[in-house]
Amino acid sequence: MAVSKLIYRQIDDYVEKHKAEMISDILTLCRIDSEKMPYQMGSPFGVGITQALSTALNIAEGYGFTINNYDNYVGTADLAPDKEKRLDILAHLDVVPAGEGWTVTKPFSPVEKDGRLYGRGTADDKGPAMAALLAMRCVKDLAIPVSGNVRLILGTDEETASVDIRHYYEVEDEAPMTVSPDADFPVINVEKGRYQPVFHRNFEARNPMPGILGIKAGIRQNVVPGRASAVISGLDDNLVRDAGKKLTKKIGVRFTVTGAEGGLEVTAEGETCHASAPAEGKNALTALIALLAELPFADSARVRTVRDLAKLFPYEDMTGKALGIDLEDEVSGRTTAVLSVLEMDEDELTFGIDCRVPACGNKQNVVEPVKAAAGKYGFALSSEDMVQAHVVSPDSRFVRTLLDAYRTVTGEEGYCRSTGGGTYVHDLKNGVAFGASMPKTDNRMHAADEFAEISDLTQAAKIYAVAIAELCK
């Protein structure tokens, strides 16, 4: 056992007695819409995110922690500010866009129901942030001795460009150890690389009928789109509906056809999910492209472009096989590749993809093949930058101690694994993702009806407290 039986019993008892406060804090934060918005003076990522950061820091200060605000980019709460850096817990308060399809509650009207907290941010990442804060409260209030500082770092731009954390590390050094409660237990010591290029193509405005007038889909490049729509003209609506029904039977994505200015609007309704795990959703955009590619349009640059896209991004291809990047290794698994955002108007097409690349991936076997495949169809590539995979040794004392803490609380043997998701620790020397969801929990992160299991968050708080007690003893 990582800590004595007495200390563990005290931790267990403390968390159970105070979990109602954790729940209340999570609900308070999740009522704030902290989607990224345009810059305003004093609010680099929008007033909602600034409000969430101020609220979280007030909560931490109310529990007796020393807080700091780094220009509304990042906030921190310190357990032992007079001691040297030892462990950072790196969470975030920004959220992905609310999206559509919510049924249990509205995205920013969080509710507690059937042992779960529903609402945007409950699982990603406001709930885990408050579980970590409860763990720090536990260590502080039980006076468990620590020889180094534990700092909860609350970021505000994790879901987009992570400008916040770069700002923070311009003035602060990394701690010797960092965990991010932004994924699953037990320990994620490998994060795949990321490649997220944007493509562009121009074409003449000439558009003989029947034709495609426009397409729009996607809310963010790291989210599998659950909805996509196109406006077409010159085709019988029943013909389009019949084609949609046939495709629905094959792939499960539903299509609706309604009247629109200039023609018909065709909408694909799939299921959104995180782009790192595309098999968990149904990509409405590639489904729509597949449907449009089969319809009897007149020949035009727009129609040829859509049919080219269907070749590069077949609905069933989630590993980049058509792009020439279907890679796999034992350390980090297989490539994922998602067509996630697209907009086409009368003379221009822009689209973005999200690729999660195993540790064996590099510029030669990822960027160059994608560039060649896209170039074959006349798509211009915006960027050749790729983020390499992140790997921390599973044999380090740091990782072994985290696994011990997991076993102490859950009674289950821990293990290391990889993820396609990216967290704040990706660029840190000794950082891993650690919770806060249990291995079998599918909390619909980035999707409608996102939720956190209260039992998961409670166990996470206990695990973090045990880990702090051992790593900082």
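In summary, K429 and E174 do not engage in a salt bridge, as defined by a charged side-chain N under 4.0 Å from a carboxylate O.
Side chains of E453 and M438 form no contact here, defined as non-hydrogen atoms less than 4.5 Å apart. Between W102 and S109, every side-chain heavy-atom pair lies at or beyond the 4.5 Å cut-off. Y315 is not listed as a side-chain neighbour of I289, based on a closest heavy-atom distance of 4.5 Å or more. Using a 4.5 Å cut-off on side-chain heavy atoms (C-beta onward), K216 and L288 make no contact. Between P197 and F379 the shortest side-chain heavy-atom distance does not fall below 4.5 Å. Side-chain atoms of D184 and P439, non-hydrogen and from C-beta on, never get closer than 4.5 Å to each other. The shortest side-chain heavy-atom distance between D25 and Y63 falls under the 4.5 Å cut-off. With contacts defined as side-chain heavy-atom distances shorter than 4.5 Å, the pair E159/D124 qualifies.
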Checklist entry - R407 and E412: side chain to side chain contact (heavy atoms under 4.5 Å, CB included), yes or no, with the steps? => result CA-CA 5 Å; R407 184 178 62 248; E412 303 288 337; over 6 Å; no
Checklist entry - Going through the checks in order, is the salt bridge (Lys or Arg N to Asp or Glu O under 4.0 Å) test met by K371 and E384? => result CA-CA 8 Å; K371 185 177 179 181; E384 298 187 14; 2.8 Å; yes
Next on the checklist: As a quick check of understanding, evaluate salt bridge (Lys or Arg N to Asp or Glu O under 4.0 Å) for R220 and E35, giving each step before the final call.
Outcome noted: CA-CA 12 Å; R220 190 165 288 175; E35 299 176 42; over 6 Å; no
Checklist entry - Checking side chain to side chain contact (heavy atoms under 4.5 Å, CB included) for the pair V366/M386: CA distance, chi angles, key distance, verdict? => result CA-CA 9 Å; V366 175; M386 188 186 90; 3.8 Å; yes
Item to check | Pair E16-K462, salt bridge (Lys or Arg N to Asp or Glu O under 4.0 Å): steps then yes or no | outcome: CA-CA 9 Å; E16 290 295 333; K462 297 173 185 178; 2.7 Å; yes
Next on the checklist: Please evaluate residues R334 and D326 with respect to the criterion salt bridge (Lys or Arg N to Asp or Glu O under 4.0 Å), reporting the C-alpha separation (whole Å), side-chain torsions for both, the decisive distance (0.1 Å), and the verdict.
Outcome noted: CA-CA 7 Å; R334 197 173 183 183; D326 187 2; 2.7 Å; yes
Checklist entry - I32 and T55: side chain to side chain contact (heavy atoms under 4.5 Å, CB included), yes or no, with the steps? => result CA-CA 9 Å; I32 302 170; T55 301; 3.5 Å; yes
Checklist entry - Would E470 and K473 count as a side chain to side chain contact (heavy atoms under 4.5 Å, CB included) if you check the C-alpha gap in whole Å, the side-chain angles of each, and the deciding distance to 0.1 Å? => result CA-CA 5 Å; E470 183 64 17; K473 67 180 180 181; 2.9 Å; yes
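Counting only distance, with no hydrogens or angles, the side chain of D449 and the backbone of R444 share no donor-acceptor pair below 3.5 Å. At distances below 3.5 Å, at least one donor-acceptor pair connects side-chain atoms of D329 with backbone N or O atoms of A359. At distances below 3.5 Å, not a single donor-acceptor pair connects side-chain atoms of T319 with backbone N or O atoms of T336. S54 places no side-chain N or O within 3.5 Å of a backbone atom of T50 that could act as its donor or acceptor partner. The backbone N or O of I165 sits nowhere less than 3.5 Å from a side-chain atom of S162 that would complete a donor-acceptor pair. Formation of a donor-acceptor pair under 3.5 Å by the H390 side chain with backbone atoms of G431 is found in this model. Although no hydrogens or angles enter the test, the distance criterion places no donor-acceptor pair under 3.5 Å between the side chain of H426 and the main chain of G193. Although no hydrogens or angles enter the test, the distance criterion places no donor-acceptor pair under 3.5 Å between the side chain of T441 and the main chain of N443. In this structure a side-chain-to-backbone donor-acceptor pair under 3.5 Å is present from N362 to Q364.
A pairwise comparison of heavy atoms in C360 and E328 identifies SG-O, 4.1 Å as the closest pair. Nearest heavy atom pair, residue Y195 against residue D385, reads CD1-O, 3.2 Å. The shortest non-hydrogen separation linking I353 to Q221 is O-NE2, 2.8 Å. Closest non-hydrogen pair, Y464 versus A132, comes out as CD1-CA, 3.9 Å. D317 and A322 get closest at one heavy-atom pair: OD2-N, 2.8 Å. Between K192 and T335, the shortest heavy-atom distance links the atoms NZ-N, 4.3 Å.
Counting non-hydrogen atoms of neighbouring residues, nucleotides and ligands closer than 6.0 angstrom, the NZ atom of K85 exceeds 12 such neighbours. Crowding of R417 atom CZ: a count of heavy atoms from other residues, nucleotides or ligands under 6.0 Å exceeding 12.
Considering V179, T178, V425 as possible partners of F434, the one that fulfils the side-chain contact (heavy atoms from CB on, under 4.5 Å) test is V179. When L152, I153, L154 are each tested for a side-chain contact (heavy atoms from CB on, under 4.5 Å) with L90, only one passes: I153. Each of I49, N72, V74 was scored for a side-chain contact (heavy atoms from CB on, under 4.5 Å) with D164, with one residue passing: V74.
One distance of note links NE2 of H446 with CZ of R120; it measures 7.5 Å at 0.5 Å rounding. Residue M22 holds its CE atom at 10.0 Å from CG of L27, rounded to the nearest 0.5 Å. Taken to the nearest 0.5 Å, the CD1 atom of I11 stands 9.0 Å off from the OG1 atom of T408. The CZ atom of R86 sits 12.5 Å away from the CD1 atom of I468 when rounded to the nearest 0.5 Å. From D94, atom CG reaches atom CG of D33 across 11.5 Å, with rounding to the nearest 0.5 Å. Atom-to-atom distance recorded for I67:CD1 and L57:CG is 5.0 Å, nearest 0.5 angstrom.
A tilted orientation is assigned to the rings of Y118 and F451, their planes being inclined by 30° to 60°.
Side chains of S340 and D354: no donor on one and acceptor on the other come within 3.5 Å. Side-chain contact of T66 with D78: a donor-acceptor pair under 3.5 Å is absent, judged by distance alone. A donor-acceptor contact closer than 3.5 angstrom is absent between the side chains of H92 and D157. In the model, S34 has a side-chain atom that pairs as donor or acceptor with a side-chain atom of K126 under 3.5 Å. With hydrogens and angles left out, the side-chain atoms of Y424 and D125 include no donor and acceptor closer than 3.5 Å. S418 and S332 are not linked by any side-chain donor-acceptor pair at a separation below 3.5 angstrom, with hydrogens and angles left out of the test. Side-chain atoms of T423 and D182 form no donor-acceptor pair, as typed in the model, at a separation below 3.5 Å.
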